[in-house]
Protein chains: 2
Amino acid sequence: MKNNVASAVRQYPCERCPLQSFPHFQRHEKDEVEFLSEFKMGELVADIGTTVLGEGASSAHLFTVLSGWAFRYKTLEDGRRQILNYVLPGDLIGLQGSVMKEMQHSVEALSPMVLCVFQRDRLPNLFRNFPSIAYDITWLASREEQMLDEILLSVGRRSALERAAYLFAFIFQRAKSVGMVKNDKLMVPLRQQHVADTLGLSIVHTNKTLKKLATKGALRWLDRGCEVLDNQILLDISKWQGLPSTPRPYV
Amino acid sequence: MKNNVASAVRQYPCERCPLQSFPHFQRHEKDEVEFLSEFKMGELVADIGTTVLGEGASSAHLFTVLSGWAFRYKTLEDGRRQILNYVLPGDLIGLQGSVMKEMQHSVEALSPMVLCVFQRDRLPNLFRNFPSIAYDITWLASREEQMLDEILLSVGRRSALERAAYLFAFIFQRAKSVGMVKNDKLMVPLRQQHVADTLGLSIVHTNKTLKKLATKGALRWLDRGCEVLDNQILLDISKWQGLPSTPRPYV
DNA sequence: TGATCGATATGTCTTAGTTAAATGACAACC
DNA sequence: GGTTGTCATTTAACTAAGACATATCGATCA
């Protein structure tokens, strides 16, 4: 996909890019809006299952997510896969490919997605001219690190049941923070294989573990995905307080 | 420790701060050097076992490591601990506490350390005035994320033996890149408890696993710590190619 | 109406890893 | 010289998770 991004992009500035929800835009710094709309290439639609960014790729683009779900993952040579984190609206992807030489992980769409596309070679220029956006990008990178810390703690030290409960509580909270939760319930578009590869378990054991969670009324498994029914049960099982709210500070 | 940093800091600008090895300094941009020496508070010595930064703390400081080892970790309420990553000379710590509200992990010294101390509330100012340093900081954050991705893959999907081999190969490579490796051998100041908490294993099983690695001639256990003897054996066992070199690009 | 396929479910057996408890080695300290 | 404390090591009993085989279930399509 990396080669046909340019042609697939719809060439108009998108009005609702996540970067525009950042603090400096709320302060109506108009020149930054103008710069951003120059920096921005347009929108891109990715279908379910698409590899938005591939490991080893030296993509010329940086993306923000307007809508849809994706996941970041890495694999070992023999095919064992580890899902690293999930990507939700408002997230930035491809920063590593922009700032380092190339991507060391892949990103795959879990649902149809709409992405905002940026040219990565303008990133240094963006840093030079718009330090508040640079600060926001650092905030995003720092938050990603914080999430990875949590996930690593979970995979390393929680039991299978705690891990599964933590995963869905974690996703629930993230989805809630971007307004994807209605009536305190949430559809998560995952296969059990995804869950297994996130938790570091076999698919069989994952199935048994999910069944336990379902028995307790925390969630229920559907056609293609699972529905979180009671987040409090998940929090109790995982012994997790939830992520602290970390409002992005003004620069 | 967070309260006595200010008094413990030796109040002179340090000449060999890691930030000064960054690209913009190599281009001799003198005003940046001047700004940095104003931004810098001085040096701090931390003894072995010291908690440099504590979870939940809202430290007023940001550190770069001049010398010594440390590790980042998180714990669950019941005491289970997960070591997230190791901190080596050249690394930046406390960014999360600067950019988010507070630290979500702790950092503890594994050996006597010398740190460079910065005031975190000047960070936005630094971003505004010195975008190339901002870019370097983003580079560091991105590299940390890349390392966490690798570690998560390892803990989630590698066997105990592969994980242990990976850990020491990983540390070896990082240490080599900052010139800490002599004669292709390296002393790593870890207890087996640290190794266990890094790999997500019990200390008993860690002991057995390390014994296997020792039998294969990859490493040997000493008084307080372990010596990496043959990195190639570790790489073979862990099926790891090593981190790609990712030179920090000029802005 | 089957036929086929991918995903989920479940039972049995095996194994990798845990827990607990005892022991040894070594250094620090009166 | 004896006491204490911290790590490392080893054993044995136990259990969580994996492997494999097989069954079910629901789409889709001829």
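The chains referred to below are lettered A, B, ... by the order of the sequence lines, with proteins before strands, and numbering in each begins at 1. Being a predicted model, the structure only gives us computed values, none of them experimental.
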Which residues share a side-chain hydrogen bond (donor to acceptor under 3.5 Å, both in side chains) with A:Lys176, sequence neighbours left out = A:Asp184

Residue whose nearest DNA chain C nucleotide is more 5′ - A:Arg157 or A:Lys208 = A:Lys208

For B:Ser202, enumerate each residue passing the side-chain contact (heavy atoms from CB on, under 4.5 Å) test, keeping only those at least two apart in sequence or located in another chain.
-> B:Val204, B:His205

Provide, to the nearest angstrom, the distance between the NE2 atom belonging to A:His205 and the P atom belonging to C:dT14.
-> 19 Å

Calculate the interatomic distance between A:Lys212 atom NZ and C:dT10 atom P; express it in whole Å.
-> 13 Å

For A:Ala141, side-chain contact (heavy atoms from CB on, under 4.5 Å) partners two or more places apart | A:Leu95, B:Ala141

Does anything in residues 200-219 of chain B pair up under salt bridge (Lys or Arg N to Asp or Glu O under 4.0 Å), and if so which pairs, sequence neighbours excluded?
-> none

Nucleotides bounding contact with chain B, strand DNA chain D, heavy-atom threshold 4.0 Å = D:dC7 to D:dT11

Can you run down the ring pair (Phe, Tyr, Trp, His ring centres under 6.0 Å) pairs that involve residues 153-197 of chain A, sequence neighbours left out, and say none if there aren't any?
-> A:Phe71-A:His194, A:Tyr166-A:Phe170, A:Tyr166-A:Trp240

Kindly give the atom pairs (protein nitrogen or oxygen, nucleotide nitrogen or oxygen) under 3.5 Å for nucleotides 6-9 of chain C.
unit_1: C:dA7; atom_1: OP1; unit_2: A:Arg191; atom_2: NH1; d: 3.2
unit_1: C:dT8; atom_1: OP1; unit_2: A:Trp221; atom_2: NE1; d: 3.2
unit_1: C:dA9; atom_1: OP2; unit_2: A:Gln192; atom_2: NE2; d: 2.7
unit_1: C:dA9; atom_1: OP2; unit_2: A:Asn207; atom_2: ND2; d: 2.7

Quick one: bend of the helix from C:dT1-D:dA30 to C:dC30-D:dG1 from 5 pairs per end, to 10°?
-> 30°

Roughly how far, to the nearest 0.5 Å, is CG of B:Leu152 from CD1 of A:Ile83?
-> 10.5 Å

Those residues at least two apart in sequence (or on a different chain) that pass side-chain hydrogen bond (donor to acceptor under 3.5 Å, both in side chains) with B:Ser154 are B:Arg158

With sequence neighbours excluded, tell me which residues meet side-chain hydrogen bond (donor to acceptor under 3.5 Å, both in side chains) with A:Ser159.
-> A:Glu162

Residues at least two apart in sequence or cross-chain that pass side-chain contact (heavy atoms from CB on, under 4.5 Å) with B:Gln241, listed by chain then number, are A:Glu77

Test side-chain hydrogen bond (donor to acceptor under 3.5 Å, both in side chains) applied to A:Glu144 - qualifying residues, sequence neighbours left out | A:Arg72, A:Asn85

